[in-house]
S.K.: 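This is the structure, below, for whatever I ask next.
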Amino acid sequence: IDLLGRAGRLDEAEALVNKMPFEPCDVLWTALLGACRIHGDVDRGQYAAEHVLEMDPQNDGAYVVLSNIYATTSRWDDARKVRKAMADGGMKKGPGYSSIEVKNNVHEFTV
C-alpha cells in the first residue's frame, strides 16, 4: 500500500486494501492516508481517515494528516474542525522522532 501510494498509484493502493481477503488494519489505511497527503487527494484522504479513526479513535496522527491535507488545499474551515475534534477529544500532537545509524551508532532526533 505504501509503495503504490508513494508512487502516486492511489487507485491501485485503495483497490488492494479493499480486495484483501481479511479486514485491513489501521496501519494499511494510515499508509493510504499518508499517500493521499503526499498527492493531495482530499476525498480519498477523508475516506482513509474515516477507516483509521473508526478502528483507532485516539490516533492523533490521522487527525494531523487529515488536517494537513485540508490546509494544503486551502480548506481552512475543515482543517480547524479536525484540530477542534482533536482538542475536544483531549488529544495533542506528540513529538516526531527520526533516527539514523552512523558507524554503528544510532542517533535519535526529536521534533
S.K.: Checking Glu23 now: which residues fulfil side chain to side chain contact (heavy atoms under 4.5 Å, CB included) with it, not counting sequence neighbours?
M.R.: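 Partners of Glu23 under the side chain to side chain contact (heavy atoms under 4.5 Å, CB included) test: none.
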S.K.: Rounded to the nearest 0.5 Å, what's the gap from CG on Asp2 to CG on Leu4? Could you check?
M.R.: 9.0 Å
S.K.: Tell me the closest heavy-atom pair linking Ala71 and Ala79, and the distance in Å.
M.R.: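 Looks like N-CB, 4.1 Å.
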S.K.: Nearest heavy-atom pair of Leu10 and Cys36: which atoms, and what distance?
M.R.: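 That would be CD2-N, 4.4 Å.
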S.K.: Who passes side chain to side chain contact (heavy atoms under 4.5 Å, CB included) against Asp56, sequence neighbours left out?
M.R.: Asp26, Gln58, Asn59
S.K.: What closest approach, in Å, do Gly5 and Ala13 show between heavy atoms, and which atom pair accounts for it?
M.R.: N-CB, 4.2 Å
S.K.: Do Val64 and Met91 sit in the same hydrophobic cluster, where Ile, Leu, Val, Met, Phe, Trp and Tyr count as joined when their side-chain heavy atoms come under 4.5 Å apart?
M.R.: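 They do share one cluster, since a chain of ILVMFWY contacts under 4.5 Å joins Val64 to Met91.
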S.K.: State, with a plain yes or no, whether a side-chain heavy atom of Gln46 is found less than 4.5 Å away from one of Ile69.
M.R.: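 The answer is no, as the side chains (C-beta and beyond) never meet within the 4.5 Å cut-off.
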S.K.: Taking all heavy atoms of Pro24 and all of Met55, pick out the closest pair and write down the distance.
M.R.: O-CE, 3.0 Å
S.K.: If you measure from CZ on Arg6 to CD1 on Ile38, what distance do you get to the nearest 0.5 Å?
M.R.: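 Separation between the atoms: 5.0 Å.
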S.K.: Applying ring-ring contact (aromatic ring centres under 6.0 Å, His included), which residue pairs with at least one partner in residues 56-81 are found, sequence neighbours left out?
M.R.: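 Counting only pairs at least two positions apart or across chains, no ring-ring contact (aromatic ring centres under 6.0 Å, His included) contact touches residues 56-81.
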S.K.: How many angstroms lie between atom CD1 of Ile1 and atom CZ of Arg9, to the nearest 0.5 angstrom?
M.R.: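 It comes to 11.5 Å.
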S.K.: Mind checking what makes side chain to side chain contact (heavy atoms under 4.5 Å, CB included) contact with Thr73, not counting sequence neighbours?
M.R.: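 By the side chain to side chain contact (heavy atoms under 4.5 Å, CB included) rule, Thr73 matches Val42, Arg75.
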S.K.: With sequence neighbours excluded, tell me which residues meet side chain to side chain contact (heavy atoms under 4.5 Å, CB included) with Asp88.
M.R.: Lys84
S.K.: Which ring-ring contact (aromatic ring centres under 6.0 Å, His included) pairs, counting each pair once, include a residue from residues 18-45, with sequence neighbours left out?
M.R.: Trp29-Tyr47, Trp29-His51
S.K.: Please report the shortest heavy-atom distance between Leu33 and Gly45, naming the atom on each side.
M.R.: CD1-O, 3.3 Å
S.K.: If we only count heavy atoms from C-beta on, is the Glu14 to Leu32 side-chain gap below 4.5 Å?
M.R.: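 Glu14 reaches Leu32 side chain to side chain.
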